[in-house]
Amino acid sequence: MDHMGIHYNVWIMLLSFVLSVTASYSALNLICQVPSATNRTRRLWLLTGACALGSGIWAMHFVGILAVRLPFDVRYSPGKAIMSMLIGIVFCYLGMSNSLAQRMTFLRCAASGLLLGAGISVMHYVGMSSMKIEAQIHYYLPSQSLSVMIALIASFMSMLLIGRFKDSPGFNRWKLYSALLLGIAISGMHYTSMRASHFAYDSWLGSNPSLLETDVILLMGVSLVTLFMFGISGGAVFLDRHMLERMAYHDPLTGLPNRHGLERYFRNWFLAGRPGAVFFVDLDRFKSINDTLGHDIGDMLLQEVASRLLQSVSPKGNVFRLGGDEFLIAEPDFTPEEAAEEAGRILQEVKKSYRIEGNDLYVTASVGISMAPAHGTDRSSLMKAADTALYTSKDSGKNKFSMFDQEMNRHQLRRMSLEKDLRKALAQSEFMVVYQPKWDSLMNVTVGLEALLRWRHPEHGIISPAEFIPIAEETGLIVPITYWMLHEVCSQNMLWHKEAVASVAVSINMSARMFESENLYEIVEEALTRSGLSPHYLELEITESIAMNNMEETVAQLSKLRNLGVRVSLDDFGTGFSSLGNLDEIPVNTLKIDQVFIRKSKMHSKKAIISNIIAIARNLNMEVVAEGVETPEQIDLLQSLGCRVMQGYYYGRPMPVHELGQWFTDNAAAV
């Protein structure tokens, strides 16, 4: 091909077009990673794609110049040549970032096409200005406008297609069509502009320009940039396939697959219509290790546990870390018998001692198991069933495994339903308070009442406190419920005083959550002030576990309440975490003997324990109340051992307010 004495090499022209299409496809492939990337890596993918496309445009431009045999020497200004490549990269970054908006409109496509077309054109003319030749280049505006329009229109058409493949990192025919259009934009603009350019020179400077100084040096530069372009693309793909994939699908602490890895495993390999087992593994009391020895020791322990779990599973099994101290094991082609055997092996391995940083640590695990397809055919159903079985293991004492069954499911569904309803029960006035008398068996008078919470569910009737109190404790709802109960009980007791029905202290059970809030004193003082009740007519009942947990803080709060005049009793004495060495330090007025000892008081051992509790209370100047008294024989025994105040169904069951008034009248026992 000739044009004003200029010759074109068709094969190099074809090579330049292939180079531009390849660079475009690589760049489009890279920016398809952006929608699924995190905020931190989105810019990295965009910049990588812009570098690939920008350097590809630059390489195509100078390969295109190599396709032209000019009748004079050509040298280049390195600064302008590099500047032209940087201009191309910047325009490509702006254009492609604009094209990845979540909602792609016609105006956005037009803006992206304009930016890319402008980048191709500006890069071309800056690249042409980097040429040092013994001639002048004349650009004719109408013809050059046509080359710019080719770049703009082809770029715009390429961006119109991007919505069809921007969420597809792999091969996509629309991505190829878009790359071909960009290739046309780049090559078409270049060769149209070159054909429309006029090189004016004075004389023939030789039949062969210096290959050493022009073509060879240019070819080396283009080759290096092309290698750089493909290096970026290949490095990004490697990073995505290996390093970033590992970061996305594996837990950095243990090296085990994480939740994303679990989803991919279930999607691609697990199940497929075959039987299998899913194990939910949770460490028992792991938080205490973190709290006492620090998170670094806790992390090392998790790494050791992960290693042991890997050793415990079958060759086909896979272990995943879900977060914290929770692990999941997937075993394809497993029977219930094999699952039970493996669960036992896991429990044995986990509870062996650990030697970490000079510390001998002991930890146990609880395991829940679900079976496919009996308990589900998808990841979500199997995990839910295994999690339900895990709760059963926890509730039954920990360091155990449980296999899911429908009874567990019913229990869990009821629990979830009660938790949901519990959140609105207070606002809908579904709670009520019942009172059980404390009776002085020698004086035959009522000396106190215990206030007990009841829940009147609109559908299920009266819900047992044993069922809803643990839910309230776990969710923290016990705090507003206790706040309401304090005001209710104080107001009711003050009303009894005014009506001369009774003048006795009423006790209320306190939750550990009330002490955690650290404003128990203010809450109690507010209830007393609003009702006008004297403090000594209110008694707070705490368990031994509450007293011994963070004892210094608990004692400080109880001491303030005692100084206010509020009474304190220690409930269920003898069944909690007792510490007789600290009992005298706790500001307590009364010890309550747990009903488990009263029920079995015929046993010599239980009788001895009751006797000792009464003796301890007497020596510490505390009162004693026996719970669960139901028979005359129990009354006689307790009186013979020195206990006179009793509480139980023999004297009176828990009664609502309207029944209690009649009970007071019948017993004539208001004191």
Side-chain angles (χ1 to χ4, degrees), residues 249-263 265-266 269-271 276-290 295 297-354 356 361-372 374-376 379-405 408-409 412:
Y249 291 104
H250 287 77
D251 171 50
L253 177 65
T254 62
L256 297 174
N258 58 14
R259 284 185 178 271
H260 299 300
L262 174 68
E263 291 173 8
Y265 173 77
F266 268 82
W269 295 293
F270 194 69
L271 295 180
V278 170
F279 301 74
F280 224 126
V281 182
D282 185 85
L283 300 184
D284 301 325
R285 300 183 64 251
F286 174 74
K287 185 177 183 297
S288 64
I289 293 175
N290 268 344
H295 288 271
I297 299 295
D299 287 347
M300 293 181 198
L301 176 60
L302 287 173
Q303 290 172 335
E304 290 287 333
V305 170
S307 177
R308 293 190 185 185
L309 291 177
L310 285 170
Q311 295 171 9
S312 301
V313 301
S314 72
K316 295 183 294 183
N318 285 269
V319 184
F320 304 85
R321 184 187 177 210
L322 303 183
D325 59 341
E326 291 183 337
F327 298 87
L328 186 138
I329 298 171
E331 288 281 10
D333 301 316
F334 243 44
T335 64
E337 293 75 19
E338 290 173 319
E341 182 181 344
E342 182 161 298
R345 188 163 60 247
I346 290 169
L347 295 178
Q348 290 298 321
E349 282 295 321
V350 170
K351 75 177 183 180
K352 291 178 181 176
S353 65
Y354 300 82
I356 300 176
L361 303 180
Y362 295 88
V363 68
T364 58
S366 297
V367 181
I369 307 170
S370 62
M371 302 298 302
H375 304 143
R379 176 187 59 83
S380 179
S381 300
L382 289 167
M383 286 181 64
K384 179 183 175 184
D387 195 25
T388 300
L390 174 67
Y391 270 102
T392 302
S393 298
K394 291 278 190 185
D395 292 342
S396 60
K398 303 181 175 64
N399 192 30
K400 295 180 180 178
F401 72 86
S402 301
M403 192 87 67
F404 177 80
D405 59 38
M408 289 182 192
N409 191 41
Q412 188 68 9

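Index from 1, following the sequence. As a basis for the values below, the full set of heavy atoms in this structure was taken, side chains included, without hydrogen atoms, waters or symmetry mates.
- Within a 6.0 Å sphere centred on CZ of R285, other residues, nucleotides and ligands contribute 12 heavy atoms or fewer.
- When all heavy atoms are compared, the tightest approach of L347 to N399 is CD1-O, 4.0 Å.
- Nearest heavy atoms, L322 versus R259: O-NE, 3.2 Å.
- The closest side-chain heavy-atom distance from R345 to E341 is below 4.5 Å.
- Among Y265, F327, Y249, the one residue that satisfies the ring-ring contact (aromatic ring centres under 6.0 Å, His included) test with F320 is Y265.
- Of the inter-residue distances, the one linking L382 atom CG with M371 atom CE reads 9.5 Å to the nearest 0.5 angstrom.
- Closest approach of V350 to Y354, counting heavy atoms only: O-OH, 2.7 Å.
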Could you check F334 against I369 for side chain to side chain contact (heavy atoms under 4.5 Å, CB included), going step by step and ending with a plain yes or no? CA-CA 11 Å; F334 243 44; I369 307 170; over 6 Å; no

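- Contact detail for R308 and S353: the closest heavy-atom pair is NH2-O, 2.9 Å.
- Here the side chain of S393 pairs a donor or acceptor atom with the backbone of S402 at under 3.5 angstrom.
- Side-chain contact, S314 with E331: a donor N or O sits under 3.5 Å from an acceptor N or O.
- Counting non-hydrogen atoms of neighbouring residues, nucleotides and ligands closer than 6.0 angstrom, the OH atom of Y391 reaches no more than 12 such neighbours.
- Proximity of E326 to F280: side-chain heavy atoms (C-beta onward) are separated by under 4.5 Å at one or more points.
- Side-chain contact between L310 and L256 is present, with at least one heavy-atom pair separated by less than 4.5 Å.
- At least one side-chain heavy atom of E342 sits less than 4.5 Å from a side-chain heavy atom of I329.
- Looking at every heavy atom in both residues, L302 comes nearest to G324 through CD1-O, 3.6 Å.
- Residues G376 and S381 come closest through the heavy atom pair CA-CB, 3.9 Å.
- In this structure, OG1 on T392 lies 10.0 Å from CG on D387, to the nearest 0.5 angstrom.
- Two residues are said to be in side-chain contact when any heavy atoms from C-beta on lie closer than 4.5 Å; I297 and L361 meet this criterion.
- Rounded to the nearest 0.5 Å, atoms OG1 (T364) and NZ (K398) are 8.0 Å apart.
- Using a 4.0 Å cut-off between a side-chain N of Lys or Arg and a carboxylate O of Asp or Glu, D284 and K394 qualify as a salt bridge.
- Between I346 and F401 the shortest side-chain heavy-atom distance does not fall below 4.5 Å.
- Rounded to the nearest 0.5 Å, atoms CG (L328) and CE (M383) are 5.5 Å apart.
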